[in-house]
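Just so we're clear, the structure is a prediction, and the values are computed from it rather than from any experiment. Along the sequence shown, the residues carry numbers beginning at 1. When a ligand or atom number is given, it counts from 1 through the structure's own listing order.
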Amino acid sequence: MSAYFLLRNLSRTSRSIMSSLTVPLNDGTQIPWLGFGTGTALFSKDAENAVLTAIASGVAHLDGAQSYGNEDSLGAAIVGSGKPRSSLYVVTKLNTVPAGQTVRDTLVTSLKKLRVDYVDLFLIHSPKNHEGKLSAVWKEVEALQKEGLAKSIGVSNFRIQDLEEILGNASVVPAVNQIEYHPYVLKASQPLLEYAKSKNILITSYGGLTPIARFPGGPIDSVLSSIAARVSETAGQTVNQGQVLQLWLRAQNIPAISTSSKESRIKEYLATETLPGLTADEVQAINEAGSKTHHRVFQKWLDD
Ligand SMILES: NC(=O)c1ccc[n+]([C@@H]2O[C@H](COP(=O)([O-])OP(=O)(O)OC[C@H]3O[C@@H](n4cnc5c(N)ncnc54)[C@H](OP(=O)(O)O)[C@@H]3O)[C@@H](O)[C@H]2O)c1
């Protein structure tokens with residue numbers, strides 16, 4: 001992918017808050033490139049303070065889920081931030097649908113907890129939760145977009161066969177497929193990335209810092225360090241390995257859904273939006289080093 005293409009597809013909006021790098025979706029909306037997640041480290045925990053810190057630091061895109069068990073605390077932070085609803089980008093994800101309920105029932109419950117009238121993006125969290133009914137569940141999700149309860153709709157952890165299953169009967173192509181994506185799953189993810197591109201479905205990344213946060217000492221470390229030194233020199237400021245991993249996502253037009261308990265790190269993530277981009281050779285060096293090993297942290301069934 002050429003540097004020109006990448007730059008052309010990343011744009012800046014006039015959001016009043018600091019996070020301003022966005023990526024276009026197939027439905028004409030824009031998704032902020034950096035998202036702050038309330039799963040993983042915050043799973044089943046009160047996320048209010050962490051999200052308040054993220055919003056105060058300049059994050060707009062908040063990634064929640066019904067299964068994280070903390071949508072109410074995300075809602076408390078949304079309200080507590082004092083930010084206008086339109087300046088935030090709120091995401092939640094469908095869990096299993098309890099017997100006797102509809103997908104709509106679950107989203108209405110989420111909206112109450114989140115204290116918003118609509119979400120910007122509603123995702124089916126996992127195809128595994130809806131085996132045999134995926135296409136019917138997607139039709140229900142489509143209806144929620146039509147009703148205005150979700151501005152954009154998409155999926156998460158979908159394989160090619162899951163996307164094919166819903167596309168056969170879909171009126172709306174998912175805007176997003178949120179997946180674990182970092183250099184240590186690069187090789188395994190390649191066919192899915194190509195398929196998503198052919199259907200105009202944007203891949204977004206969670207777990208993007210895995211190579212340094214969960215598997216330090218791997219083949220990519222020395223490559224990240226030397227690129228960090230080069231970008232630091234160009235930028236005139238210290239750039240670390242995590243920021244290089246996020247620049248690698250940015251270079252592919254892939255939004256980064258991360259999280260942190262530390263304000264300083266959230267600011268580093270945000271600063272990544274304005275750092276100089278990686279060269280094509282640097283992206284290639286990361287790809288080659290990352291492809292030497294494979295580590296998937298979440299949804300390991302995707303490797304079956
Ligand atoms: N759709 C799904 O199935 C799914 C699955 C997983 C996650 N997600 C979403 O994605 C969000 C982010 O996922 P993630 O936590 O896996 O993201 P990540 O960006 O890979 O990792 C973030 C974590 O890395 C730590 N970290 C950052 N820099 C580090 C460094 N230099 N050294 C060591 N640790 C470092 C942070 O800890 P500190 O607190 O110390 O900064 C933070 O807990 C989740 O909260 C959730 O919203 C979705």
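The closest approach between G208 and ligand 1 falls below 4.0 Å for a heavy atom of the residue. For Q299, the heavy-atom gap to ligand 1 drops under 4.0 angstrom.
Ring to ring, Y206 and Y181 are not that close: their centroids are 6.0 angstrom or more apart.
Scanning T40, T259, V297 for the heavy atom closest to atom 22 (C) of ligand 1 points to T259. Nearest to atom 14 (P) of ligand 1 by heavy-atom distance, out of K93, Q243, E180, R214, is R214. Between I124, N240, L123, D63, it is D63 that holds the heavy atom closest to atom 9 (C) of ligand 1. With atom 48 (C) of ligand 1 as the reference point, the heavy atom nearest to it among Y269, Y68, F36 is part of Y68.
Remark: minimum distance from atom 17 (O) of ligand 1 to any protein heavy atom is reached at G207 N, 3.7 Å. Among protein heavy atoms, the minimum distance from atom 39 (O) of ligand 1 is reached at S261 OG, 2.6 Å. Of the protein's heavy atoms, R265 NH1, 3.7 Å lies nearest to atom 37 (O) of ligand 1. For atom 10 (O) of ligand 1, the nearest protein heavy atom (residue, atom name, distance) is Y206 CB, 3.3 Å. Protein heavy atom at the shortest distance from atom 3 (O) of ligand 1 is N157 ND2, 2.9 Å. With hydrogens left out, the protein atom closest to atom 40 (O) of ligand 1 is K262 NZ, 2.4 Å, a heavy atom. The protein non-hydrogen atom at the shortest distance from atom 34 (N) of ligand 1 is A213 CB, 3.5 Å. Looking at atom 19 (O) of ligand 1, its nearest protein heavy atom turns out to be S258 OG, 2.6 Å.
Defined by atom type and a distance below 3.5 Å, a donor-acceptor pair is missing between the side-chain atoms of S135 and E165. Between the side chains of N157 and Q178, no donor-acceptor pair is found at a separation under 3.5 Å. In summary, the side chains of S152 and T29 do present a donor paired with an acceptor at a separation below 3.5 Å, with no hydrogens or angles considered.
Of all heavy-atom pairs spanning I220 and P211, the tightest one is CG2-CB, 3.9 Å. For the pair Y68 and K93, the tightest heavy-atom approach, listed with the atom from each and the gap, is OH-NZ, 3.1 Å.
A distance-only check finds no donor-acceptor pair linking the side chain of W33 to the backbone of N253 [under 3.5 Å]. Between the side chain of N70 and the main chain of L42, a donor-acceptor pair closer than 3.5 Å is present. Listed for the E48 side chain is no donor-acceptor partner under 3.5 Å among the backbone atoms of S73.
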Would E147 and R104 count as a salt bridge (Lys or Arg N to Asp or Glu O under 4.0 Å) here? Give the steps. CA-CA 10 Å; E147 199 186 338; R104 186 181 190 282; 2.4 Å; yes
side-chain hydrogen bond (donor to acceptor under 3.5 Å, both in side chains) for S232 and Q237? Distances and angles first, verdict last. CA-CA 5 Å; S232 299; Q237 66 186 85; over 6 Å; no
Derivation of the salt bridge (Lys or Arg N to Asp or Glu O under 4.0 Å) call for K300 and D303: CA-CA 6 Å; K300 287 180 183 282; D303 286 331; over 6 Å; no
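Ligand 1 has no N or O atom lying under 3.5 Å from any N or O atom of A41, backbone or side chain. Of the N or O atoms in I212, none lie within a sub-3.5 Å distance of an N or O in ligand 1. Between L209 and ligand 1, at least one pair of N/O atoms sits closer than 3.5 Å.
Of all the atoms in ligand 1, the ones that sit under 4.0 Å from a non-hydrogen atom of S260 are 38 (P), 39 (O), 41 (O). Taking a cut-off of under 4.0 Å to the non-hydrogen atoms of G37, the atoms of ligand 1 that pass are 11 (C), 44 (C), 45 (O), 47 (O). If you number the atoms of ligand 1 from 1 as listed, the ones under 4.0 Å from a heavy atom of Q178 come out as 1 (N), 2 (C), 4 (C), 48 (C). With ligand atoms numbered from 1 in the order given, ligand 1 contributes 1 (N), 2 (C), 3 (O) to contacts under 4.0 Å with heavy atoms of H125. Atoms of ligand 1 found under 4.0 Å from any heavy atom of T210, numbered from 1 in the order shown, are 20 (O).
Both tests pass for R85 against the ring of Y118: distance under 6.0 Å to the centre and angle within 45° of the axis.
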